[in-house]
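Along the sequence shown, residues carry numbers from 1.
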Amino acid sequence: MRKLILLSIVFLPSLFGQASSTCNLVKQDEADALMGGASRQVAVGNLGCGYSLRTAGLNLSITVMDMGTSAKTIWDSLKDEARRRNWLIGEEPGMGSDSFAELIKRSAESSAGKAGFVVLKGTKVLQIFVTDSAAKADIAGKKEMLDKMRPVAQKAVQRL
């Protein structure tokens, strides 16, 4: 418990106030075009920003963590976790110093799809994902969504 409190105290100053700047990484019109309709910006907390298109059951989430010298270790652990869960992952050149794409198709293990990127840029780890609702159309867990997301993610990394 003491360790958790200390970690919170150490990271809180770097995380506080990031939500509004994170929303600047993906513009409203980019989110709308990506999801295929007029999305609504939603609060995701201090770490990020999101957009929702309820009619399609789609959500776009953008999170940024400034992890200082631990950034590469955090990025590696996120990649290892994706491998352990047998999600489809692949190297993604041209975004940040290191990046990988992640795709989760609907299956018995996952009732919703997910497509996105995890990017290391300097001391920051950016995660940008589109997920779909299990009750709506199967849209996010497809290669087409990942391909459609790529230019949006590249712009977000450039703006970071």
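- Here the straight-line distance linking atom NZ of Lys143 with atom CE of Met145 works out to 13.0 Å at 0.5 Å rounding.
- If you take CG on Leu160 and CG on Asn24, they are separated by 11.5 Å, rounding to the nearest 0.5 Å.
- Among all heavy-atom pairs drawn from Ile128 and Ala156, the shortest one is CD1-CB, 4.5 Å.
- The closest side-chain heavy-atom distance from Met95 to Arg150 is below 4.5 Å.
- The shortest non-hydrogen separation linking Asp66 to Lys124 is OD2-CE, 3.7 Å.
- Atoms CD and CD1, on Glu102 and Ile104 in that order, are 5.0 Å from each other to the nearest 0.5 Å.
- Among the candidates Ile74, Asp76, Thr69, the single residue satisfying the side chain to side chain contact (heavy atoms under 4.5 Å, CB included) test with Lys72 is Asp76.
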Discussion item. Go through it in stages, so that I can follow the logic: the residues are Lys79 and Val118, the test is side-chain contact (heavy atoms from CB on, under 4.5 Å), and I'd like the CA-CA distance, side-chain angles, deciding distance and then a yes or no.
Written reply: CA-CA 8 Å; Lys79 188 173 184 182; Val118 181; over 6 Å; no

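- Other residues, nucleotides and ligands contribute only 12 or fewer heavy atoms inside 6.0 Å of the NZ atom of Lys155.
- Ala38 approaches Leu53 most closely through the heavy-atom pair O-CD1, 3.4 Å.
- In terms of heavy-atom proximity, Ile89 sits nearest to Ala82 at CG2-CB, 3.6 Å.
- Summarising the local packing, NZ of Lys27 is surrounded by more than 12 heavy atoms from other residues, nucleotides or ligands at distances under 6.0 Å.
- To the nearest 0.5 Å, the span separating CG on Leu120 from CE on Met65 amounts to 10.5 Å.
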Under 3.5 Å donor-acceptor pairs involving side-chain atoms of residues 54-62, not counting sequence neighbours:
from	atom 1	to	atom 2	distance (Å)
Asn59	OD1	Ser52	OG	3.2

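- Counting only distance, with no hydrogens or angles, the side chain of Asp132 and the backbone of Gly113 share a donor-acceptor pair below 3.5 Å.
- For Asp80 and Arg84, the salt-bridge test fails: no basic side-chain N is under 4.0 Å from an acidic carboxylate O.
- Between Glu81 and Arg85 there is a salt bridge, since at least one side-chain N of the basic residue sits less than 4.0 Å from a carboxylate O of the acidic one.
- Applying the ring pair (Phe, Tyr, Trp, His ring centres under 6.0 Å) definition to pairs two or more places apart or across chains, those involving residues 50-89 are Trp75-Phe100.
- Between the side chain of Lys121 and the main chain of Val157, a donor-acceptor pair closer than 3.5 Å is present.
- With contacts defined as side-chain heavy-atom distances shorter than 4.5 Å, the pair Val64/Leu25 qualifies.
- Note on Met149: it does not cluster hydrophobically with Leu103, by side-chain heavy-atom contacts below 4.5 Å among ILVMFWY residues.
- Across every non-hydrogen atom of Phe117 and Ala153, the tightest pair is CD1-CB, 3.6 Å.
- With Asp32 contributing its side chain and Ser39 its backbone, the two residues share a donor-acceptor pair below 3.5 Å.
- The main-chain N or O of Leu34 is found under 3.5 Å from a side-chain atom of Lys148 such that the two form a donor-acceptor pair.
- Side-chain contact between Val125 and Leu78 is present, with heavy atoms from C-beta onward closer than 4.5 Å.
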Practice prompt. Walk me through it: do Val130 and Lys114 pass the test side-chain contact (heavy atoms from CB on, under 4.5 Å)?
Written response: CA-CA 6 Å; Val130 169; Lys114 179 179 176 181; over 6 Å; no

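- Taking each heavy atom of Ala101 and Leu146 in turn, the nearest pair found is CB-CD2, 3.9 Å.
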